[in-house]
Amino acid sequence: MILKGNLLFAPELGKLECLPNGCLRLNDAGVITEICKQLPEDAQAEEVVDYGDKLIMQSFADMHVHAPQYPMAAMGLDLPLLDWLNKYAFPQERRLADTEYARKIYRRLAQDLIAGGTTRVVMFSSLHTDATLILMEELEKAGISGYVGKVNMDRNGAEGLQETTEESIRETERWLEECKRFTQIRPILTPRFTPSCTDELMEWLGKTAVERDLPVQSHLSENDAEIEWVRNLHPDCAQYWETYAKYGMWKKGTVMAHCVHSDARERAAMKEHGVWMIYCAQSNANICSGTAAVRQMLDEGISVALGSDVAGGAHLFMVRVMEDSIRSSKIKQKETGLPFLTTAEAYYLAGTAGHRYFGAKSGFSVGDKLHAVVLDDSRFAVDEGRTLEERLERAIYLAQPTDILAVYAEGKKVK
Ligand code: GUN
Ligand code: FE
């Protein structure tokens, strides 16, 4: 099969490839076999899907998102992190004990992710094993791939939202066993954040991550009060990251959201150990956490990708996340004097960077399964003769999920 249209992809940070009226050739498995500037001459027998003047772009990877918080998006955002957790997030997550409710909201979440062109995720569930399995089923059914974590929390939770250490271990074991039935959605160990897990649980999670070769996700240095709390809980650790490192969870492929207040030493530890920083610009502004030093981190060679952090972030749509990332980096420029994120850079971070976490190559690449969106910018492209780069910039600021006409995930058309 051949897809024809205006190809736009970001092979490297800051690099944009534009192929007007280009073609992507796919084999039956949805793997890209050729990227061409025009319709190949030997294409006669093949099905050609012609998207005309529309933009064929890379799909998005949301590398930090809380599934159970989706129904409370845009609520309580005048509170700082710890108050917001206690007053809004924890009571909402408690509702996921109800599996019928889980089915309803997770089906909707999966549909909305695909509608907005997000085809890969690294996601938090709640502490509930059954609801987490339902979430994984619904994501897989929608065609999404990636990692989902059953949350571990055996301290500092809330009434009805806390496990005993023994329960947390037993339920994580059960969950990991049940996860074997999934093919596209895999488990990631998820201590909610250091204040949520006892030393004993952290030790078990670290040991399990190593023994079973499982990735780990959590939160790092998001908010001042949180950081102070962690310092009091672990007086033996000079910095927040060491509370994960102490238990073997600071390793290649570990995903840490926020890192708003990570100083040079914490950042060096990320770089040295191959830990990923997930930039959640809207969430960081919404709950007044601060603005992360994204440019510094990129310059230092840390792996960075983007997250919506719904519901700290109010928007699931990764186009909004790109817009907010650019804007936040422009505000940060006043403080650091370092360059803000360009259009091409934000696009790289929302697509290629996240896809690479899952082993994909650069931009659209021969040998990769197709992850793409087809975006119709005719609603706001009132001028003719704009370059594809200009059209990308306008799309980042103006597009809505309804402008996404088609979505391809793992080589299959899913919208
Ligand atoms: N830290 C611990 N839990 C959470 C959460 O649910 N959202 C955010 N933004 N930070 C957290
Ligand atoms: Fe988060």
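Whatever order the structure lists them in is the order used to number ligands and atoms, beginning at 1. The shown structure was predicted, so the numbers you read here are calculated from the model rather than taken from an experiment.
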Indicate yes or no: does an N/O atom of Asp309 lie under 3.5 Å from an N/O atom of ligand 1? yes
For Gln69, the ligand 1 atoms whose distance to one of its heavy atoms is below 4.0 Å: 5 (C), 6 (O)
Angle subtended at the Fe ion (ligand 2) by His66 NE2 and His219 NE2, rounded to 10 degrees: 90°
Carboxylate-amine/guanidinium proximity below 4.0 Å for Glu138 and Lys104: no
For ligand 1, indicate whether the residue Trp84 contacts it via side chain, backbone, both or neither (heavy-atom separation under 4.0 Å). side chain
What protein heavy atom sits nearest atom 10 (N) of ligand 1, and how far away is it? Glu222 OE1, 2.8 Å
Just need the protein heavy atom nearest to atom 3 (N) of ligand 1, so name the residue and atom and give the distance. Arg192 NE, 2.9 Å
Quiz question: by atom type and distance under 3.5 Å, do the side chains of Gln58 and Thr352 form a donor-acceptor pair? yes
Below 4.5 Å, heavy atoms only, C-beta onward: do Arg174 and Asp130 meet side chain to side chain? yes
With heavy atoms and a 4.0 Å threshold, my read on which part of Glu226 contacts ligand 1 is neither
Here the atoms of ligand 1 under 4.0 Å from any heavy atom belonging to Leu85 are 2 (C), 3 (N), 4 (C), 5 (C), 6 (O)
The angle formed at the Fe ion (ligand 2) by OD1 of Asp309 and NE2 of His64 is about (to 10 degrees) 90°
Under a 4.0 Å threshold between the charged nitrogen and the carboxylate oxygen, would Asp62 count as salt-bridged to Arg120? no
Against Lys150, only a single residue in Glu163, Glu93, Glu171 fulfils salt bridge (Lys or Arg N to Asp or Glu O under 4.0 Å); can you say which? Glu163
Above 12 or not: heavy atoms from other molecules or residues under 6.0 Å from NZ of Lys361? yes
What I want to find out is whether Glu389 reaches Lys15 closely enough, with some N-O distance under 4.0 Å, to be called a salt bridge. no
shortest atom 7 (N) of ligand 1-to-protein heavy-atom contact is with His66 NE2, 3.5 Å
